[in-house]
Amino acid sequence: MSFDADVIIVGGGLSGLSAGITAVMEGLNVILLERGEYSGAKNVSGGRMYIHALKMLIPDALERAPLERPITKETFEIFCDKNRKITFSFEEKDKKNSFSVLRSKFDRWLASEAENLGLLISYSTLVLNAYREGEGITLETNRGTLKAPLIIDASGVTSIVFRLLGLRKFTPDKWMLGVKEIIKTDVNLPENEGEVRTIVGAIKGVKGGGFVYTNKDTLSVGMAVTFDSLPKSEFPAKDLVEAFRERIGIEGEILEYSAHAIPYYGFKNLPPLYDKNLIAVGDSAGFLINDGFTIRGMDLAIGSGMIAGLAAKKIVESRNFSNTEVYYEMLKDSFVLKHLELAYNRFELINSPLTLSTYPEILCNVLSDMFTVEENRNTLINDFIYRLKEKGIPLSQTVRDLWKAIK
Amino acid sequence: MVPLLKRLGLNTYNVDKKPHIEVNTDICINCKDKPCTVSCPAGTYEALPDGRIAVHYERCLECGGALVICPFGAIKFRFPEGGISYRYG
Ligand SMILES: Cc1cc2nc3c(=O)[nH]c(=O)nc-3n(C[C@H](O)[C@H](O)[C@H](O)COP(=O)(O)OP(=O)(O)OC[C@H]3O[C@@H](n4cnc5c(N)ncnc54)[C@H](O)[C@@H]3O)c2cc1C
Ligand code: SF4
């Protein structure tokens, strides 16, 4: 049986392009299929990109990539109810560890880098079906049929090839909906400063939170909430981001309204990452960290893509296309699986219903008591224990949860 | 609150001639809560007075949510050939 390439990559987002760049640099014959008219046309992120993986992929990316602003300030806002919220900020000037980005600009740039290196990208090419045939996998697209002995599924959360081969089961508790608006604004900050705001509890009923990222001359404002909590939300999904924007008091002209699903598996619930002739990268593999402080998918997408490119070289060289476990072995040694594992405690914690509503309420009550002077006054710790008891939460559980949060 | 249709109107769509979403409305007629009508960010599913669902597939933001929002498996979804192109993303 003749194949069209050594490797076919499905999806030209961050993970697919990183896999493509790496595989081409390793000398493989690669085709990448992207359903959008350009890379990034279909892609949405918050988005704050940690750039450690990008710098490994393209060492001088900081000078050339269309990044928006370095994130130098983090603000957390936790709403207890309409009138009370806890806010804290952390500032670190000259920090260049993460940047705000806009995906249609960024992915398009990365695709042009990949094409300059010799990666063949076929745009407006939608994979519709996949099946095993001979020694490889055949892909049916709107532009014809292609076959390869190795497929890298980089199609994002909907994981098209794994899904068509029966290797994915999606449920509403394992996916989040991300909704977002781009708001035109005058950003009163020097060029080398940018802010991320993470907001919890502004909209009742939903499991998740909101974000505001400062771009060059716009704001990215949005929410990420689990699909299973949407029917319990005080607002339907179509009004979520607007209601959130009004609550936090951001005004301005809307330039774009977008939405995308986000994987929400956690390290211990990851779906199959590889199969015969097939490996998954980025969102398609469920590589996303949501630990209550940040959403991190983009650096994991780039990191896993690069590993997939290197693994592809080993697999092609060995001519053993069943041995895709090579990829998993390499992942285990990388920051991708290590960071996912490290974040699992906090993932479990924010998955508990206590964390997003009961604990903030208790904290607000204690702080409110602290700042209210009356004749009868309690010590802080007694007040805290009393407030916990009021909610029926044993102190031992709170200590355990606190431990999870910092472990 | 800026109305949904105005927000969707900001996007560039290249709508396919054939719907990329199909709903089995015979199942919907027995579905009380109709979670799809509140879970779709594009307002794609509209409850009709006769208990069925109208599908405005041309509004779709391609978030992928259609693959999980119906507990009865009444929605058949694939990505469109054309569809949305974001300028910011
Ligand atoms: C609202 C929101 C906020 C987020 N915030 C952050 C953040 O602040 N920081 C962060 O690091 N991450 C964030 N993420 C997560 C991040 O966006 C993802 O983890 C990242 O985009 C994953 O990259 P990927 O390349 O794996 O998938 P994608 O970016 O989804 O790329 C998949 C590609 O495959 C293509 N494709 C899909 N199906 C087919 C098909 N059938 N045929 C051909 N092509 C196909 C798509 O067009 C797309 O280009 C956020 C996500 C959302 C939605
Ligand atoms: S599509 Fe599913 S959730 Fe929506 S009304 Fe029909 S049966 Fe109910």
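In the text below, chain A, chain B and the rest are named by the order of the sequence lines, each starting its count at 1. Computed from a prediction, not measured in an experiment: that's the story for all the values here.
- Neither the backbone nor the side chain of I160(A) comes within contact range of chain B; no heavy atoms are under 4.5 Å apart.
- If you measure heavy-atom distances from E246(A) to chain B, the contacts under 4.5 Å come from the side chain alone.
- Salt bridge present: K105(A) and E68(A) bring a charged side-chain N and a carboxylate O closer than 4.0 Å.
- Only the backbone of S45(A) comes within contact range of chain B, with heavy atoms under 4.5 Å apart.
- Residue contact with chain B, scored on non-hydrogen atoms closer than 4.5 Å, is absent for K174(A).
- Of the two parts of F235(A), only the side chain, counted from C-beta on, holds a non-hydrogen atom closer than 4.5 Å to a non-hydrogen atom of chain B.
- Contact annotation for L177(A): only side-chain heavy atoms (C-beta onward) come within less than 4.5 Å of a heavy atom of chain B.
- Scanning all heavy atoms of the two residues, the minimum distance from F227(A) to G65(B) falls at CZ-CA, 3.5 Å.
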Inset, instruction - May I have the step-by-step check of ring-ring contact (aromatic ring centres under 6.0 Å, His included) for Y86(B) and Y88(B), ending in yes or no? - result: CA-CA 6 Å; Y86(B) 290 124; Y88(B) 297 91; 9.8 Å; no

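- What you find for S284(A) and R168(A) is that their closest heavy atoms are O-NH2, 2.7 Å.
- Counting heavy-atom pairs closer than 4.5 Å to chain B, the top-ranked of the candidates H260(A), K238(A), R35(A), E181(A) is R35(A).
- Ranking T44(B), L8(B), N11(B) against chain A, the residue ahead of the rest is N11(B), based on heavy-atom pairs under 4.5 Å.
- Proximity to chain A involves both the backbone and the side chain of P80(B), based on heavy atoms less than 4.5 angstrom apart.
- The two residues F79(B) and E62(B) have their closest heavy-atom pair at CE2-O, 3.7 Å.
- Interface remark: R78(B) contributes side-chain atoms only to the contact with chain A (heavy atom separation under 4.5 Å).
- The residue from N24(B), L48(B), T37(B) that alone fulfils the side chain to side chain contact (heavy atoms under 4.5 Å, CB included) condition with I53(B) is T37(B).
- Seen from the ring of Y38(A), R108(A) counts as a face-on cation partner, given the 6.0 Å and 45° thresholds.
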